[in-house]
Amino acid sequence: MTPAGSLLIATSLHKTYGHTPALDGADFSIHPGEVVAVMGPSGSGKSTLLHCLAGIVKPDSGSVHYNGRELTTLSDAERSGLRRGEFGFVFQFGQLVPELSCVENVALPLRLNGTKRKEAEDRASAWMERLEVADVAHKRPGEVSGGQGQRVAVARSLVTGPRVLFADEPTGALDSLNGERVMELLTEAARESRTAVVLVTHEARVAAYSDREVVVRDGKARDMAGVR
Ligand SMILES: Nc1ncnc2c1ncn2[C@@H]1O[C@H](COP(=O)(O)OP(=O)(O)OP(=O)(O)O)[C@@H](O)[C@H]1O
Ligand SMILES: [Mg+2]
């Protein structure tokens, strides 16, 4: 696959924790609007790859280009600016703020970027409607189901209009029916807004929502284009 037109390109990433090589020459690239599933056994380096791509973890060597900029050379402030402004995140357990209502959780990234409360909550409400969780807007995360909580987390990840959504096992804690609904809504919203999605998953059923699969094994990433 050619990286031309790619939004995010990682080349030859190496990352070692103590004596454990988590990444051992991993390459990766993704286009705007593309959904790429990152698969592979437990401990193979999937999360480490995602964290390097998102500028959360600095690789020991190798490069990560985002939109023409080399992430590894940016300052911490510049990288956290990118994460707030252009990247969205969803994890296995929604990681919602328990003290805030669901709509306040979804509005939070906008509030942190300086958007006024009313506008932030209006935009949050629109996203909650899309994710079919408008009815839990005023509940706390502790009062909603796992599937509802994950849809709230997806709404929160998309509310700022990110160019890349990083999702690490977003349906890992859900039953299959809820998992599939979350994936349907997530991929539909991402494709419509041309958001690239880096989707880490163990499950073939979840990967089926992607355009392309990359398999990570022993810290090396292999593109499965044409294999499926
Ligand atoms: N912060 C860390 N400190 C030490 N070792 C780590 C750290 N993060 C990851 N590792 C090690 O790096 C390797 C890759 O871990 P990683 O979390 O990327 O795997 P993974 O593919 O996401 O696994 P899983 O499917 O279980 O989430 C593993 O051997 C892991 O133990
Ligand atoms: Mg992981």
Side-chain angles (χ1 to χ4, degrees), residues 1 8-30 34-66 71-72 74 76 79-80 82-83 87-96 146-147 149-151 153-154 156-158 162 164-176 178-180 182-183 186-187 190 195-225 227-228:
M1 190 203 60
L8 188 59
I9 308 168
T11 312
S12 195
L13 296 181
H14 288 82
K15 177 72 190 176
T16 299
Y17 290 109
H19 296 291
T20 311
L23 291 179
D24 185 20
D27 299 319
F28 182 89
S29 73
I30 190 166
E34 194 179 28
V35 180
V36 177
V38 177
M39 304 195 66
S42 183
S44 58
K46 302 181 298 295
S47 294
T48 307
L49 174 63
L50 181 142
H51 294 150
C52 288
L53 294 172
I56 295 169
V57 163
K58 194 167 183 161
D60 300 330
S61 65
S63 75
V64 182
H65 260 82
Y66 167 70
L71 283 196
T72 52
L74 299 182
D76 286 350
R79 271 184 291 122
S80 48
L82 265 187
R83 286 199 297 270
F87 296 166
F89 296 89
V90 190
F91 299 100
Q92 181 169 359
F93 302 100
Q95 296 176 335
L96 300 169
Q150 251 346 40
R151 280 181 278 151
V154 171
R156 182 183 57 181
S157 73
L158 292 170
V164 188
L165 176 62
F166 294 96
D168 197 346
E169 303 276 4
T171 63
L174 303 180
D175 62 53
S176 59
N178 269 304
E180 293 194 14
V182 167
M183 284 312 303
L186 186 157
T187 48
T195 305
V197 182
V198 181
L199 170 69
V200 170
T201 182
H202 281 91
E203 299 175 70
R205 208 178 44 229
V206 172
Y209 287 89
S210 70
D211 300 312
R212 180 159 63 85
E213 291 174 23
V214 166
V215 173
V216 180
R217 209 161 259 136
D218 300 329
K220 293 184 176 72
R222 179 164 166 243
D223 202 306
M224 302 304 278
V227 178
R228 185 155 86 187

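On a predicted model such as this, the values are computed, not experimentally measured, just so you know. All ligand and atom numbering here is 1-based and tracks the order in the structure. No hydrogens, no waters, no symmetry mates; every other heavy atom, side chains included, goes into these values.
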(message) Looking at Arg217, I'd like to know if its CZ atom is crowded, meaning that more than 12 non-hydrogen atoms belonging to other residues, nucleotides or ligands lie closer than 6.0 Å.
(response) no

(message) Just by distance, no angles: are the side chains of Asp168 and Ser47 close enough, under 3.5 Å, to form a donor-acceptor pair?
(response) yes

(message) Contact between Tyr209 and Glu180 at the side-chain level, heavy atoms closer than 4.5 Å - yes or no?
(response) yes

(message) Checking a contact table here: which protein heavy atom is nearest atom 29 (O) of ligand 1, and how many Å away?
(response) Thr20 CG2, 3.3 Å

(request) Can you pull out the closest protein heavy atom to atom 25 (O) of ligand 1? Residue, atom name and distance to 0.1 Å, please. (result) Lys46 NZ, 2.7 Å

(message) For atom 26 (O) of ligand 1, what is the closest protein heavy atom, and at what distance to 0.1 Å?
(response) Ser42 OG, 2.5 Å

(request) Just need the protein heavy atom nearest to atom 16 (P) of ligand 1, so name the residue and atom and give the distance. (result) Thr48 OG1, 3.6 Å

(message) Using a 4.0 Å cutoff against the non-hydrogen atoms of His202, which atoms of ligand 1 qualify?
(response) 25 (O)

(message) Would you say that more than 12 heavy atoms from the other residues, nucleotides or ligands in this model lie under 6.0 Å from the CG of Asp218, or not?
(response) no

(message) Among all protein heavy atoms in this structure, tell me which lies nearest to atom 28 (C) of ligand 1, with the distance rounded to 0.1 Å.
(response) Gly43 O, 3.7 Å

(message) So that I know where these two stand, are Tyr66 and Phe87 an aromatic pair - ring centroids less than 6.0 Å apart?
(response) yes

(message) Starting from atom 3 (N) of ligand 1, what is the nearest protein heavy atom, named by residue and atom, and what distance separates them?
(response) Tyr17 CD2, 3.5 Å

(request) Measure from atom 31 (O) of ligand 1 to the protein's non-hydrogen atoms and state whether any distance is below 4.0 Å. (result) no

(request) Check each of Val36, Val214, Leu53 against Val198 using the side chain to side chain contact (heavy atoms under 4.5 Å, CB included) test, and report the only one that passes. (result) Leu53

(message) Nearest 0.5 angstrom please: Ser157 OG to Gln150 CD, how far?
(response) 9.5 Å

(message) Could you identify the single nearest non-hydrogen protein atom to atom 12 (O) of ligand 1 and state the distance to 0.1 Å?
(response) Ala22 CB, 3.3 Å

(request) Would you check if the Mg ion (ligand 2) lies under 2.8 Å from any N, O or S atom of Ser47? (result) yes

(message) Which residue is it: Ile9, Thr11, Leu13? I am looking for the one with a side chain to side chain contact (heavy atoms under 4.5 Å, CB included) to Val64.
(response) Leu13

(request) Starting from atom 17 (O) of ligand 1, find the nearest protein heavy-atom neighbour and note its residue, name and distance. (result) Ser47 CB, 3.7 Å

(message) Yes or no: does Pro41 have any heavy atom under 4.0 Å from an atom of ligand 1?
(response) yes

(message) I'd like to check Val90 versus Leu165 (side-chain heavy atoms, cut-off strictly below 4.5 Å). Are they in contact?
(response) yes

(message) Could you check whether any heavy atom of Lys15 sits closer than 4.0 Å to an atom of ligand 1, since that is the contact criterion I want to use?
(response) no

